Amino acid sequence: MFNSRNRAMLLAAAVAAVATAAGAAEPGYYGYGKIASPEEIAGWNIDVRGDDGAGLPPGSGTVARGTEVFSEQCASCHGTFGEGEGRFPKLAGGMGTLKHDRPELTVGSYWPFAPTLFDYINRAMPMQAPHTLSADDVYALTAYILNLNDIVPNEFVADQDSLAKVKMPNRDSFVWTDPRPDTMAKPCMSACANPADVKIVSTAEGRDLTPRTTGPLDTMQPK
Amino acid sequence: MPVRSKPAETSDPRLARRSFLGIGAALTGSLALGVRPGHAQPASPPAEPPWSQSIGPGVVDRPYGRPADAEADVIRRNVPWLTAGTESSISFSPLQSLHGIITPNGLFFERYHSGRPDVDPDQHRLMIHGLVERPLILTMKDIVRFPSVSRIHFIECPANGGMEWRAAQLNSLQFNHGMISCAEWTGVRLSTLLEEVGVKKEAAWAMVEGADGAHMNRSLPLHKCLDDCLVVYAQNGEALRPEQGYPLRLVVPGWEGNVSIKWLRRIKLGDRPWYSREETSKYTDLMPDGTSRGFTWLIDAKSVITFPCPEKPLSGPGLYEIRGLAWTGNGKVKRVDVSTDGGVNWQTARLHEPVLSKALTKFTLPWRWDGRPALLESRVIDETGYVQPTIAQLRKQRGSNSVYHNNSIQTWQVKPDGSVFDVQLA
């Protein structure tokens with residue numbers, strides 16, 4: 001026995017349920033959480049867009065300042081000239097090797113966009129204390145690494161405007177739509193190959209690259 | 001019978017043979033008498049084992065349970081020479097010891113770019129802003145209040161098998177295929193959250209970002225966000241493990257694992273992609289002509305035989321069940337074929353229920369091994385009709401300078417002594 005108010009409420013609930021199921025709920029339907037204030041957003045809004053530098057903060061940095069900061073904060077892992085200590089990534093060189101048998105992918109040889117370098121250093125480096133550098137120092141480090149790769153001159157000053165204008169050598173080599181599937185094999189079921197042609201061309205046997213998969217964790221290094 | 005030092009499980013078959021003849025022979029002798037290694041008392045028939053003649057620890061002896069001590073080898077493992085340190089690195093699930101489509105939470109593979117952060121769930125926030133009507137900050141309590149869904153999906157790092165582009169290198173199922181795991185995820189649809197903030201008309205992309213030191217971030221097209229992405233707080237029924245993003249992560253079904261941002265803290269809508277370092281310097285595919293592909297998110301169909309494998313060799317001629325896993329980012333697995341002669345002849349394997357979209361699917365095929373050399377392969381066909389390629393077919397298109405998206409057929413060479421090796425065929 002429903003009075004009209006109850007019926008209206010049921011109807012509203014039913015409509016809301018349908019709306020949600022159909023994925024058409026009004027913004028704020030649940031009303032959970034709180035509206036983010038401009039100050040709160042500003043604190044976390046660190047992303048910089050790679051292709052046009054949207055989001056780059058105010059500030060600037062020179063190659064000279066970058067040289068100093070890099071030797072203090074980065075060289076222990078990446079080497080003074082970005083050559084990379086041990087297995088830490090190389091940040092410079094490899095230009096023109098992308099078609100080689102052993103290509104060397106670095107900021108200079110591979111990265112398509114300079115603002116991405118600012119964004120990455122700012123969000124993720126130095127490895128042991130990420131996101132602790134000032135915007136000026138991140139600009140300076142960006143300038144230094146671009147300079148190491150002979151992409152900008154010694155007197156280059158990195159800032160909001162200049163970074164987006166830097167054209168990276170590999171910029172036009174990226175295709176941003178996925179052309180896969182790469183293969184369209186047919187699922188043959190019998191006599192799919194001449195058994196005489198089935199030959200092992202490589203084996204992991206005896207390569208001594210495989211850590212143990214029993215016992216304690218292996219610390220092996222290749223011989 | 002939990003015999004730990006079964007010689008056949010030694011990864012190096014030469015060692016296996018040696019120990020079989022040496023220590024193994026001694027063990028076999030004592031086993032015949034029912035003596036458990038390390039135990040003085042006989043425990044197999046006709047003897048009554050000591051655990052049947054004593055009382056064990058009571059409830060809450062282990063308030064949070066753990067595997068039997070004899071399973072201590074079944075752990076995530078890493079390849080120490082692969083990365084500079086363990087903070088930006090990967091560990092592999094021990095697929096050789098797993099029996100179903102669900103990966104136990106403690107064995108789910110790990111991938112960090114800045115180590116495993118220790119996030120305080122009370123202070124953790126999800127901020128959703130950018131091209132939205134109502135920029136929001138949500139607490140974990142807020143997020144759990146939204147309508148919940150549970151879905152079973154795999155997550156695979158696209159670098160799974162990446163060390164095998166040039167040649168067979170690692171003689172191991174765990175290290176060649178263990179960057180995949182599968183769990184039941186519980187959380188809220190990302191589309192629900194986006195409806196709640198109100199997506200502006202110009203929005204076409206989302207930037208998703210983690211609270212780890214790497215502030216890991218990726219761009220995702222809005223249509224995928226609205227299709228099947230989940231913002232989850234639970235994994236196999238319990239809160240996410242810190243390794244998998246506690247307290248909150250994104251799950252992007254069927255796409256490369258890197259986009260399923262862990263420790264999720266921010267979603268920003270925009271009109272174009274961000275081209276972050278992780279989608280330019282990394283997670284792109286260098287082609288033989290020097291061009292590169294970006295935004296190759298899809299996990300192509302892939303399968304692998306998990307028994308036998310280098311870690312689990314055969315113990316002599318006889319009847320076996322070949323077992324394996326198959327998956328595809330395209331949806332459901334339709335069929336898996338198995339070959340024992342290096343791809344000359346194939347037999348269709350049995351798929352085990354449940355066969356779920358963008359989840360691991362188990363297959364088996366009985367096989368009577370005659371003790372002669374064999375080349376075992378599995379080949380999956382997914383619901384779109386896509387057929388898993390051989391490494392030779394894939395290399396023809398992709399060359400061998402790729403790191404990611406090697407979904408080729410795995411060949412296991414079985415030698416007459418039952419040992420198994422990772423090989424590639426012409």
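Being a predicted model, the structure only gives us computed values, none of them experimental. Residue numbers begin at 1 in each chain, while the letters A, B, ... track the order of the sequences.
With chain A as partner, the option from Q174(B), E87(B), E133(B), E209(B) having the largest number of non-hydrogen pairs under 4.5 angstrom is E209(B).
Across all non-hydrogen atoms, the minimal contact from L286(B) to L105(A) is CD2-CD1, 3.8 Å. Across all non-hydrogen atoms, the minimal contact from N345(B) to A191(A) is OD1-N, 2.8 Å.
Under the 4.0 Å criterion applied to side-chain N and carboxylate O atoms, D271(B) and R49(A) are assigned as salt-bridge partners. Salt bridge annotation for E205(A)-K415(B): present, with a cationic side-chain nitrogen under 4.0 angstrom from a carboxylate oxygen.
There is a side-chain donor-acceptor pair under 3.5 Å between W111(A) and S281(B). Judged by distance alone, the side chains of N45(A) and R266(B) do bring a donor and an acceptor atom under 3.5 Å apart.
Contacts of R398(B) with chain A are made by side-chain atoms alone, with heavy-atom separations under 4.5 Å and no backbone atom involved. Of the atoms belonging to N176(B), not a single heavy atom falls under 4.5 Å from chain A. For Q128(A), no part lies near chain B; criterion is any non-hydrogen pair under 4.5 Å. Looking at E164(B), neither its backbone nor its side chain comes within 4.5 Å of chain A, counting heavy atoms on both sides. Contacts of F88(A) with chain B are made by both backbone and side-chain atoms, with heavy-atom separations under 4.5 Å. For T284(B), the parts lying near chain A are the backbone and the side chain together; criterion is any non-hydrogen pair under 4.5 Å. Contact annotation for R265(B): both backbone and side-chain heavy atoms come within less than 4.5 Å of a heavy atom of chain A.
Classification of the W176(A)-F295(B) ring pair by plane angle, with boundaries at 30° and 60°, yields tilted.
D73(B) places none of its side-chain heavy atoms less than 4.5 Å from the side chain of T213(A). Between D422(B) and T203(A), every side-chain heavy-atom pair lies at or beyond the 4.5 Å cut-off. At a threshold of 4.5 Å between non-hydrogen side-chain atoms, the residues R125(B) and E40(A) do not count as touching. Put simply, the side chain of Q424(B) does not reach to within 4.5 Å of the side chain of I200(A), judged on heavy atoms. Looking at heavy atoms from C-beta onward, T192(B) lies in side-chain contact with Y30(A) at the 4.5 angstrom threshold. Proximity of L298(B) to R180(A): side-chain heavy atoms (C-beta onward) are separated by under 4.5 Å at one or more points.
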request  = Could you please spell out the steps behind the salt bridge (Lys or Arg N to Asp or Glu O under 4.0 Å) verdict for D52(A) and R272(B)?
outcome  = CA-CA 10 Å; D52(A) 63 358; R272(B) 297 219 319 281; 3.4 Å; yes
key: salt bridge (Lys or Arg N to Asp or Glu O under 4.0 Å) between D289(B) and K99(A), worked out   = CA-CA 6 Å; D289(B) 65 358; K99(A) 290 190 219 172; over 6 Å; no
message = The test is salt bridge (Lys or Arg N to Asp or Glu O under 4.0 Å); show your working for D218(A) and R77(B) and say whether it passes.
response = CA-CA 8 Å; D218(A) 203 338; R77(B) 293 173 186 272; over 6 Å; no
query = side chain to side chain contact (heavy atoms under 4.5 Å, CB included) between Y29(A) and E195(B): does it pass, once the steps are laid out?
reply = CA-CA 9 Å; Y29(A) 172 77; E195(B) 280 156 17; over 6 Å; no
ask   = Step by step, would you call R166(B) with D101(A) a salt bridge (Lys or Arg N to Asp or Glu O under 4.0 Å)?
value = CA-CA 10 Å; R166(B) 288 169 188 282; D101(A) 187 39; 3.3 Å; yes
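Applying the side chain to side chain contact (heavy atoms under 4.5 Å, CB included) rule to P57(A) yields the partners F118(A), A135(A), Y139(A); only residues at least two apart in sequence or on another chain are considered.
For R87(A) and W81(B), the positive end is not near the middle of the six-membered ring at less than 6.0 Å and at most 45° from its axis.
Among D119(A), V48(A), D51(A), the one residue that satisfies the side-chain contact (heavy atoms from CB on, under 4.5 Å) test with Y275(B) is D51(A).
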